[in-house]
Participant: 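Input: one structure, supplied below.
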2 protein chains.
Amino acid sequence: MKPPQNPVHGCTEAAQNGRDIARMKDEMNKFHGPEGSCEAVSDMLSRIGDKWTVLIVSYLGNGPMRFNELKRGIGNISQKMLTSTLRNLERDGLISRTVTPTRPPSVEYALTEMGHCLLVPVSNLAAWAVDNRERIAAARSSYDARTPE
Amino acid sequence: MKPPQNPVHGCTEAAQNGRDIARMKDEMNKFHGPEGSCEAVSDMLSRIGDKWTVLIVSYLGNGPMRFNELKRGIGNISQKMLTSTLRNLERDGLISRTVTPTRPPSVEYALTEMGHCLLVPVSNLAAWAVDNRERIAAARSSYDARTPE
DNA sequence: CGGCATCCTGCGGGATACTG
DNA sequence: CAGTATCCCGCAGGATGCCG
């Protein structure tokens, strides 16, 4: 029996008010506490939060892809950004780059084990974003409605 | 019996290769599929991935705080960025702003229920970042060592 | 104390053109 | 096909100064 579909993101204000919050605080304290790790987290989040990283990682979650395959899939990304984002991901050990010297040569990108690993928390966050999209939209229009007074 | 300390981030290549990956793919597909939600996720991630949002949210995870309290806690944030990030979070319904009209007035910021809710997936991601910090650092120096050839 | 307004800079990131 | 190189623009975001 594995973690039962756990509703990490459902969070309809019931489930979370107990244990999870406590565990989470611990995480967060170990995270502000020893000065260093805080920066590490901040760092990772700006890497991940950049305009393309998560898109690419999530596309590669469906299996290895070639350069232009990715480009077409994502659609509106420039070669420059695709290249540099892929480079950074490779540098961080999150994806692998395999060149097959045919002519013209083809290059395959794939998630590494660590890349797949990252996909887990990221997809949780993504799920949260999807699930709370409407609430946020509502909060925004509500806020906008009562501020420009 | 609740989710057993689930090793969301430990991911020592064992636990994840089965079900979780599959579930995750589903998440990701529902996420690329219906055109709209993909943007929503991308949006949220750039919000969250910006330089300060997560820091602030995580500080507020320890309880309500006042403006300068936050500023001191974080340390190197400018007033401008603190103000605007707080404003955005308030607009999105993730934090509340309460003015107590003493003199000089004091303003308290606190996470809303949705804010706490966000903290859960975020702390998972943070945990991942902490746990994989060294592997990433290693990957980077390895990469840097063999590229500038 | 908790802000807004202003000025100024760096760099993220798009468009375009050229190579192996 | 899979890049590299160059140019150029916008805006995130720091520094500084003023207000209730």
Side-chain angles (χ1 to χ4, degrees), chain A residues 39 42-57 59-60 64-92 95-110 143-144 146-149, chain B residues 39 42-57 59-60 64-92 95-110 143-144 146-149:
Chain A
E39 290 178 33
S42 209
D43 247 46
M44 266 315 296
L45 282 165
S46 8
R47 292 295 328 279
I48 285 174
D50 81 354
K51 210 173 174 183
W52 304 111
T53 300
V54 174
L55 265 311
I56 293 177
V57 168
Y59 267 92
L60 290 177
M65 293 182 86
R66 298 180 42 186
F67 188 88
N68 280 330
E69 209 171 348
L70 268 171
K71 184 155 165 44
R72 273 190 304 275
I74 297 179
N76 53 345
I77 189 175
S78 63
Q79 315 83 326
K80 180 185 178 181
M81 280 301 97
L82 183 52
T83 308
S84 79
T85 308
L86 287 169
R87 278 280 189 272
N88 288 325
L89 285 169
E90 188 194 359
R91 190 171 102 99
D92 289 354
I95 65 173
S96 63
R97 192 182 107 111
T98 319
V99 183
T100 317
T102 56
R103 62 272 171 237
S106 80
V107 182
E108 270 221 339
Y109 293 92
Y143 182 92
D144 293 348
R146 69 174 178 278
T147 40
E149 82 201 0
Chain B
E39 290 179 33
S42 210
D43 247 45
M44 266 315 295
L45 283 166
S46 7
R47 293 295 327 279
I48 285 173
D50 81 355
K51 212 173 174 186
W52 304 111
T53 301
V54 174
L55 266 309
I56 294 177
V57 168
Y59 268 92
L60 290 178
M65 293 183 87
R66 298 181 40 189
F67 188 88
N68 280 330
E69 208 171 349
L70 267 172
K71 185 157 164 41
R72 274 189 304 273
I74 296 179
N76 53 345
I77 189 175
S78 62
Q79 315 83 326
K80 180 185 177 181
M81 279 302 97
L82 182 52
T83 308
S84 78
T85 308
L86 287 170
R87 278 281 189 270
N88 287 325
L89 286 169
E90 189 194 358
R91 190 171 104 100
D92 290 353
I95 65 173
S96 62
R97 191 183 108 110
T98 319
V99 183
T100 318
T102 56
R103 63 281 167 227
S106 79
V107 183
E108 271 220 341
Y109 293 90
Y143 182 92
D144 293 347
R146 71 175 177 278
T147 42
E149 86 204 352

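Reminder, nothing fancy here: chain letters follow the sequence lines and each chain counts from 1. On a predicted model such as this, the values are computed, not experimentally measured, just so you know.
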Participant: Picking from dG14(C), dG3(D), dG2(C), which would you name as closest to the side chain of Met81(A)?
Facilitator: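 Out of dG14(C), dG3(D), dG2(C), the nucleotide with an atom closest to Met81(A)'s side chain is dG14(C).
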Participant: Roughly, in whole Å, what's the span from CD1 in Ile95(A) to P in dA2(D)?
Facilitator: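 After rounding, the reported distance stands at 13 Å.
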Participant: Can you name the closest pair of heavy atoms from Tyr59(A) and Met65(A) and give their distance?
Facilitator: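 Of all heavy-atom pairs spanning Tyr59(A) and Met65(A), the closest is O-SD, 4.0 Å.
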Participant: If you compare all heavy atoms of Leu60(B) against all heavy atoms of Tyr109(B), which two are closest, and at what distance to 0.1 Å?
Facilitator: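 For Leu60(B) and Tyr109(B), the tightest heavy-atom pair comes out as CD2-O, 3.4 Å.
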Participant: To 10°, what angle do the rotation axes through the five end pairs on each side of the helix from dG2(C)-dC19(D) to dG20(C)-dC1(D) form?
Facilitator: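 Computed from the C1' atoms at both ends, the axes differ by 40°.
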Participant: Choosing from dG2(C), dT16(D), dA2(D), which nucleotide comes nearest the side chain of Val107(B)?
Facilitator: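 Between dG2(C), dT16(D), dA2(D), the one nearest the side chain of Val107(B) would be dG2(C).
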Participant: Can you work out whether Trp52(A) or Pro105(A) has the more 5'-proximal nearest nucleotide on DNA chain C?
Facilitator: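 On the 5' side of the pair lies Trp52(A).
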Participant: For the residue pair Ile56(A) and Ile74(A), what are the closest heavy atoms and their distance?
Facilitator: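 Reported closest heavy-atom pair: CG1-CD1, 3.6 Å.
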Participant: Is the phosphate of dG3(D) approached by Tyr109(A) (side-chain N or O, under 4.0 Å from OP1 or OP2)?
Facilitator: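 Result: yes.
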Participant: May I ask you to evaluate whether Arg97(A) reaches the phosphate of dA2(D), defined as a side-chain N or O under 4.0 Å from OP1 or OP2?
Facilitator: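 No, outside the criterion.
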Participant: Look at Lys71(B) and dC1(C) and indicate whether a side-chain polar atom (N or O) is within less than 4.0 Å of OP1 or OP2.
Facilitator: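 No, because none of the side-chain N or O atoms of Lys71(B) sits under 4.0 Å from OP1 or OP2 of dC1(C).
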Participant: With nearest nucleotides of DNA chain D determined for Arg72(A) and Asn76(B) from heavy-atom distances, which residue corresponds to the more 5′ nucleotide?
Facilitator: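 The residue closer to the strand's 5' end, by nearest nucleotide, is Arg72(A).
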Participant: By nearest atom, which of the nucleotides dA2(D), dC1(C), dG3(C) is closest to the Arg66(B) side chain?
Facilitator: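 Closest nucleotide to the Arg66(B) side chain: dC1(C).
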Participant: Could you pull out the closest heavy-atom pair between Ile77(A) and Lys71(A), with the gap in Å?
Facilitator: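 What the structure gives for the nearest pair is O-NZ, 2.9 Å.
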Participant: By the 4.0 Å heavy-atom rule, please label Arg103(A) as base, sugar-phosphate, or nothing.
Facilitator: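 No contact.
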Participant: Starting at the 5' end of DNA chain D and moving along, which residue's nearest nucleotide shows up first, Lys80(A) or Thr83(A)?
Facilitator: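 Nearer the 5' end of the strand: Thr83(A).
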